Each structure stands twice: as structure tokens, then as C-alpha cells.
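Just so it is clear, the model here is predicted, and its values are computed rather than measured.
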Amino acid sequence: MDLIFLKVDLHCPDNNSAHHTSDITTKELVVRRGQSFLLTLELPRPFNPKTEQLHFTALTGTRASEELGTRSLFGTSEGHVTRSPGAKARWRAGLHETASPATGRLTLAVTPPADAPVGKYFLSVQRGDKEASLGSLVLLFNPWCPEDWVHLPDEEERQEYVMNEHGVIFKGTDKYIIPMTWDYGQFEEDMVDICMKLLDVNPKHLRDPTDDVSARCNPIYVSRVVSAMINASDDHGVLVGNWGPPDRRGVSPSVWNGSVDILQRWWRNGCHAVRYGQCWVFAGVMNFHVWVEAWMRRPDLDEGGAYDGWQVLDPTPQEKSEGSEKERSIYKHALTRDYSMDGHRRPSVTYQPEGAGGVIMDENTAVSITPPPQKVAMQIEEVSVPVIGHDLQLKVSVPVIGHDLQLKVTLSSPDPVAQPLVNVSAVATDLQSPELVYLAESNLVLQDPPITITVKDRAQLYRPLEVEVAFKNPLKETLQNCTFSISGSGLLHTTLEKRLPDMLVDRGVQMTLSITPYRTGPKTLAVDFDCSAFRNAKASATIDPPPAGSPPPPASSPPSPPPPPTGSLRPEPRGPEPHSPLADKMSPRCRWLELKQAGNDSFKAGQYGEAAQRYSQAIKELEKSSNKSPEDLSILYSNRAASYLKNGNCSECVKDCNMSLELVPFGVKSLLRRAAAYEALERYRQAYVDYKTALLVDCNIPAAHDGTNRMTKVLTEVDGPGWREKLPDLPAMRRAQVLKDEGNALVKKGHFQKAVDKYSQSLKLNPTEITTYTNRALCYLSVKQYREAVRDCDAAVAMDGGNIKALYRRAQAHRELKDSKACVEDLNRLLRVEPNNLAALKLLQEVQKKKKNKIDMMFVHRRERNVEEEEEDGADDTSSIGNKDI
């Protein structure tokens, strides 16, 4: 059979590095428009560029067309490509200098145009009457490309506004500006998919997806869409605003430290809005450096480029904007005004109310209700910095000559727990003329009590690093509901939450955690402390892991970390450098991790033989370890298999994939690599089974879809219409699903114990199926095996922290085990994901009511120690849980 190609290599690590997207991923192709990327085809026979042609298609969105710029036809020779006369966004391809047509190895340089719509594309190749998929890619805007409307000419600005993962949000009042670290997290897991989803659920796309995808070539349009989608006022937006009192149905805006947690919650919860945000949170999630600007050209305002540059966007749910003529005229007028401030000082603003005799002036200037005979300028000054838990020391100055005054100072706070803001007012009354009253006001923002963050050693990539976090109760009362939340892109994949016991007066807490940096460069570790008396005290520390293999800094002048924006960082003596004599005593765990990273670096550099050697050494080191995990060993075998595959050693690739899958069944990467090796070895039936199995694990894998389609065509030609009958049986995954279905049928008949047996057999074959755990938990609840139900729900929550069924059923089990605290915690956690879940609200009300009744009974009968209270049986109201299974 004549295939178009034997193998395709999209060079993801190299292309992504050249396009400044390698921090996003090196496993999928993410490139920028207006810049070439390479792909290599291994053909089954030599290729003559003069007499033969390869034609390619790139398309995005539904109903793609050349006229809309969402479909492009291009080839190895432009003269032989037939395009529509109205074709927009024309892609191009040409043979790269490393191509070897005589051997059938074609390396092509493919260039998406600088005005192509951004988004996910699918590539295919055609040779004669045969067509085959090449895979998919994500296309982004390109600040490095002069032809792109978002081009930033200065490299320092590109690093600051495009590549920088961390920023600072300033909060407080004009006199109390407090910096707070904000983690943009644009390189974290799923961020590209989340951004693509954000575009795909916007109202414009839902109304007309064809026109919406075509318009994504324009950064002005995309900015307006994103700005609208950040708020959830009238669409599937990300955040619900709350400027009122605290609402238990969501998270207080002051809790957030960055965009990652917010966006991932929105993504995991089926694009349901996250509660809650305020203006600065909306701005932070847009990932821009200030509220809120984006750099782009504006030919719609002036073709000469007069209005190119920073453009203002506002994601707060306010007025809609479609770029009207009125908006443009106001913008043009604003550009003619000079709002500069000498020395960055705020200009004094004087306002004369209609019909009033007095003058309202600056913050610390007196206000007279009636025209005074002389000016009285009262000053309110802080003797010391106002901090939560410390005495507030103020100085009020009233420079009046020849008058006796009575002074009254009032302190008030609208919500001392949620907002540490103190309003200070000083009223002076002239005792000789009591009708003369003078007023001065000031707002004080109490600063957070100190959180100490101690970094124990010099950070190194992929090496565990100990960090100590300490906090002391600053108040003269016990702190309740205490929680530490710790996050940091490049340091922690998810936010760590640690509930703490009540903190007595003059007591504190000291917690040591181990983090493993997984990206180089300065990273920010953000710590949030929350309690019943005050909300969300914050601190941060900068951790800067150098690239793997970098030499240590000179011992005579170790670099000192910059001071954190809030809190305090207590410097510690630095530990031994990586190449000190202690390195010879490195633990096996550290040694194999270092060898694994060396293998990764060699793989990215295209040195696949060297990478395989490093992975082999890492496997040997890990085998020596007493606490080796199957997961780690499986990854090493899979990585070595990838190296063998790249070098064309398909037989060894199959062997390593077999080892990897024995350790961790249904590992998607190992399945796909083994499938590719089988395909190259022309073992098409086995390749089909592996591609199909990968789809059973995750139906959203483009490579698995492409491989399945490719093998279907091949097997139809080789084996005829009955090709499926000749396939080897699908592996245990199919059997696991059959057993699960049998368990579901038994549940419907009320045979819960038999169903438990079926689910248990299914989990032995596929231990990663969350719904099997939650279904078995339901059975355990029915047969009153509550601890077993808790264990199954624990397993489900470990894989999906927001799983509604797992949280609800675990809450039911905790209730039956008389653990009301754990029950309430699970229900509150569930309601943060789905605030209107009726079953959870009902159960929470029942538990809280019983808890109150129990306390009342204990108070009435306090001398009777053994008061037994009969618990009600609550039905499992699955109608509100949204079960798709049982």
C-alpha cells in the first residue's frame, strides 16, 4: 500500500522554543503567526521537487473558508497551488535547507501569515488523490513580528509584558498604597486550552461561530471579547462581581493571589462563573501589567498610526463597547489633553458645592459648615505605621491662635474583618463661637500582620526545596477558622491549603513545606493567612532557580533575594552548592531526578541517543531507591521509549512502552508512542488498538483521533470490509467498562453488595475511573459501610477536587459517622463549586440544625454526660447532584 508519509515530526520542543512558547508546553505545537516553524515528513520513497508536489491545508473553526481566512491551501511550490481569488491569510511552505528529498526526508518551513486568526488549527497533506492528517497546532499573536499588529519593538518590554509570570497589584488608599503580588500563570497547565475555551463560549461565537473565528485575526476584536468574558454579567464569563457584604456562596475577592486558580476553577466547573471578584481581580485575570492595557495597532482610528500603542481595556462589568463613533471622538479628544503630574503627585482638587458657603478641600484640610473668620488647617498624622493587632497612634494638630477649641476624634470601620480600613474624623468646635465647627478626615489602611517566609537553601530546578512559613497571633483574642493558602507558578502546580487549629493569644504556627521548582527564572511564592478576626493577610518571597547545570554563584558574594512586597523574608545561611563535596552523597532520589532532567534537556536539543542513555542511568538509580514509585519508573521508561522512537529504534520503543504500561496501565503517552512504533513497523492492527485505547482514556486527544482514522483507512485497504474481525481484542479497559455497566445494572435492581463486587473488579482493571469510585461509594452508603464510602470518595476527590458526587457522598458518610465538622467542610467545599446545589444546601441545613439542637440539649442536661441523640436518615437526593452515571 502506498502511504503519503511514514512519519511526521512537528519538532515541538525546537519550534516552541523558537516561538517563545516552550514554557507553555513542549509536547504540543504552539507557534506564533508571521514566523516560520519546521516540520519533517519521512516519505516512503524519494521525492523530486521539480516533478512532484505536496499540497497542505490549514484550517480552524467550523465551516472554514479561504475568503474568511480560516482555511488556507499551500504547497511546496506556490505556482502549483490553486487558491480562491478572495483568499485571505495565506500560509506558505518551502523546503528547508536540511531537507533531503533524495532519501525521502522532507523538512519544510511553514509560515502562517501575520494576519491569520489565532486559535487551534488542523494540518493535513495531500499527494495526488491521497490525503492524511499531520496533526494540530495552536497559533498565537506575535509581539516579535513587525508585521503583527501586536508587535512590541523593545525586547525588554516583551520580556516584561509577555514572558513575565508575576506582577504587582497596588491596593489601599492614596496615602496607603500597598503592593500585592499577582501570579498571572500564563505558562501553567491548561492555560492555552482555557484561553481557547474562553473564546469559544463567548456570545459572539455562539451566535455566529464562522464570523467570530474569522475575526480573531484582529487583536482589537479579541481584546474586546476577552474583556467582556472576564466578567459574568451577561454570558459564560469567568468572574461574578461582589462589592457588597461577604457572601458564603463564593470566595471573597481578597483571597485571590493570581489568575491560575480562578481560570482553572472556571474550566473545571464547565465554564460556570467563579464567585467572587472586584475591579482589581478582573484586571489581574486579564494578565496585563496595569489596569488594563494592551499594546496593538489601531488603524481603525487612524491609518497613519497616530493611535498605535497602549490601549485601555476595562473588564469590570460596566458599559458595553463596540467601538462606536462616540467612543472614538471621546478617545481622540482625550489624547489632546495633558494629564501629566509633576513628580507623580496627585493634583489638588477643589470643588464648590452649589449653594454652599464652605469649601471642600483636600483630605487633611478643614471644612467649615459656614464661612469661618479665619482658616483652620487641622492635620491628622500617624505616629507609627498602622498594623493589625497594634495600637493606633495618631497626632492631631490644630494650629489656632487666640481661640479655645473643643476637639473630638472619632474612629470607625465599616467592616473591620473584611476590610481593615479605619475612618478617622476630627471635629473642632470654637468655644467662643460655637456655631463655628471645623472638620478634618483621614482614612487609614491597617497593614497586614507579618508572615515570615524562610527559604532554607538555594533553589535548584527539579530539586526539593524546604520553605518555612511562620505566623504569630497579633491579637488579644483566639483566632478561629485559620487557614494557610500557598501558591506560585513554576513552584507549585496547585494551590496548597492547610487548615490550622484555633490559635490562642500569643501563640503562633510554624509550617515547613517541600516545593520542587519546575521552571527557571524568578518565581514568587505567595502566602495567604485567613481567620475569623481579619481576612487574607498576605506575604510573598522570590525564589529564583537557575537553569539545570548552571554554575553556582561565587561563594564570596552570594546573591541576596529581593525583599518581598508584603510580609517579611528571613534570610538563612545558604546550603552547600550543587558541586560541593556533599554532591557525592546525593540521595538516590535527587540523583535520578537530575539524570531525568539531563535526559529531557538532551531530548529537547535533538540528541536522542544521549537522552536514551541518561534515562537508562536514571532508571538504574531509581531501581536502587527503597521508596521508588511505579509512576516515576513508568515515566522514565516512557521517556526512553520516546527517544528510541525519534531515533527510529521502534522495537526498543515497543519494549519500553510495554514496561511503562505494566507499571501504570493506560498511560496515554506510552499508548501513543507504542502505537506510533507499531505503525512504523507496519503492525497496523496493534497500532489501531493502542490509538483506540488512548481515546477510551481521553477522547480529546487529536493524535489518537488522527491515528485511529489513519489506521482505519490502512486496515480497510489491507484487510477489506471485515478488518475489525481480525483485530486483537482491546485490553482490560473494555472489560473494566463492561464490569462497571454490570454494576450499574445491579444498583438499579437494589443489589448493592453484588454491585460492590463488580465495581471492585472494574477498578482492578482501570483504577483511574472516577465514576466507578463514586458509584461504589453509593453502594457502601446503602449497605452502611460508611468508612469504605469515605475511602472511595477520598480516591475520587484526589483525582478531581471538585467532583460533586464524591463530595456529597463523603459528606453523607461523615454525617453517619457522627463527624459533623468533616461533613460541613465537604458540603461547603461542594457549594463553592456549585452554590445552588439543592441537595447539599438541604443536608447542610439539617446537619447545622442537629448540631445546634445537640448543643442545646447538652446545655439543658449538662450533668448527664451520655446524652444520645438519634440521627435522621437522609435520602441521597441525586436529582440535585447532576449524575450522568448513577
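The shortest distance between side-chain heavy atoms of Q753 and Q785 falls below 4.5 Å. Residues I770 and N803 are in side-chain contact: their nearest non-hydrogen atoms beyond the backbone lie under 4.5 Å apart. Using a 4.5 Å heavy-atom threshold, the side chains of V260 and M191 count as touching. You'll find the side chain of T712 reaches within 4.5 Å of the side chain of W723, heavy atoms only. Inter-residue side-chain proximity for M229 and V201 is flagged as met; some heavy-atom pair is nearer than 4.5 Å.
At least one donor-acceptor pair closer than 3.5 Å links the side chain of Y615 to the backbone N or O of N600. Without hydrogens or angle criteria, D190 side chain to D193 main chain gives no donor-acceptor distance under 3.5 Å. Panel note: side chain S660, backbone S634; a donor-acceptor pair is recorded below 3.5 Å. Of the possible donor and acceptor atoms, none in the side chain of N837 sits under 3.5 Å from a partner among the backbone N and O of L831. Proximity of a side-chain donor or acceptor of T693 to a complementary backbone N or O of V689 within less than 3.5 Å is detected. A donor-acceptor contact shorter than 3.5 Å links the side chain of R809 to the backbone of T774.
In summary, E621 and K624 engage in a salt bridge, as defined by a charged side-chain N under 4.0 Å from a carboxylate O. A salt bridge does not link D632 with K596: none of the charged nitrogens is closer than 4.0 Å to a carboxylate oxygen.
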message = Run C650 and L645 through side chain to side chain contact (heavy atoms under 4.5 Å, CB included) and show every step you take.
response = CA-CA 5 Å; C650 297; L645 186 62; 4.3 Å; yes
message = For K784 and E816: C-alpha separation, side-chain torsions, deciding distance, then whether side chain to side chain contact (heavy atoms under 4.5 Å, CB included) applies.
response = CA-CA 9 Å; K784 299 184 179 182; E816 299 300 333; over 6 Å; no
query = How far apart are the C-alpha atoms of I619 and L633, what are their side-chain angles, what is the distance that settles it, and do they pass the side chain to side chain contact (heavy atoms under 4.5 Å, CB included) test?
reply = CA-CA 7 Å; I619 290 170; L633 202 54; 4.2 Å; yes
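Heavy atoms only, all atoms of each residue included: L807 and R829 are closest at CD2-CD, 3.9 Å. Across every non-hydrogen atom of R275 and W256, the tightest pair is O-CZ2, 4.1 Å. In terms of heavy atoms, V747 sits closest to C779 at CG2-SG, 3.5 Å. The two residues I515 and L513 come nearest to each other via the heavy atoms CG2-CD1, 3.6 Å. Here the shortest heavy-atom pairing between Y644 and A612 reads CE2-CB, 4.1 Å. In plain terms, the two heavy atoms of D200 and L206 that are nearest each other are O-CD2, 4.0 Å.
From D741, atom CG reaches atom CG of L746 across 11.0 Å, with rounding to the nearest 0.5 Å. With rounding to the nearest 0.5 angstrom, the CD atom of Q737 is 11.0 Å from the CD atom of E742. Note that the CH2 atom of W267 and the SG atom of C195 stand 10.0 Å from one another [nearest 0.5 Å]. To the nearest 0.5 Å, atoms OH (Y759) and CD (E769) are separated by 11.0 Å. Atoms OG1 and CD, on T495 and Q264 in that order, are 8.0 Å from each other to the nearest 0.5 Å. Here the straight-line distance linking atom CG of L491 with atom CD1 of I486 works out to 11.5 Å at 0.5 Å rounding.
At a cut-off of 3.5 Å, with distance as the only test, no side-chain donor of Y637 or E662 sits close to an acceptor on the other residue. Counted by atom type alone, S616 and R640 present one or more donor-acceptor pairs between their side chains at under 3.5 Å. Side-chain contact, Y688 with R724: a donor N or O sits under 3.5 Å from an acceptor N or O.
Note: F603 and Y608 have perpendicular aromatic rings, judged against thresholds of 30 and 60 degrees for the angle between ring planes.
For Y786 and Y780, the gap between ring centers reaches or exceeds 6.0 Å.
Counting non-hydrogen atoms of other residues, nucleotides and ligands closer than 6.0 Å to NE2 of H705 gives a total above 12. Open room surrounds CD on Q845; 12 or fewer heavy atoms of other groups in view lie less than 6.0 Å from it. Residue K197 qualifies as open at atom NZ: its count of foreign heavy atoms under 6.0 Å is 12 or below.
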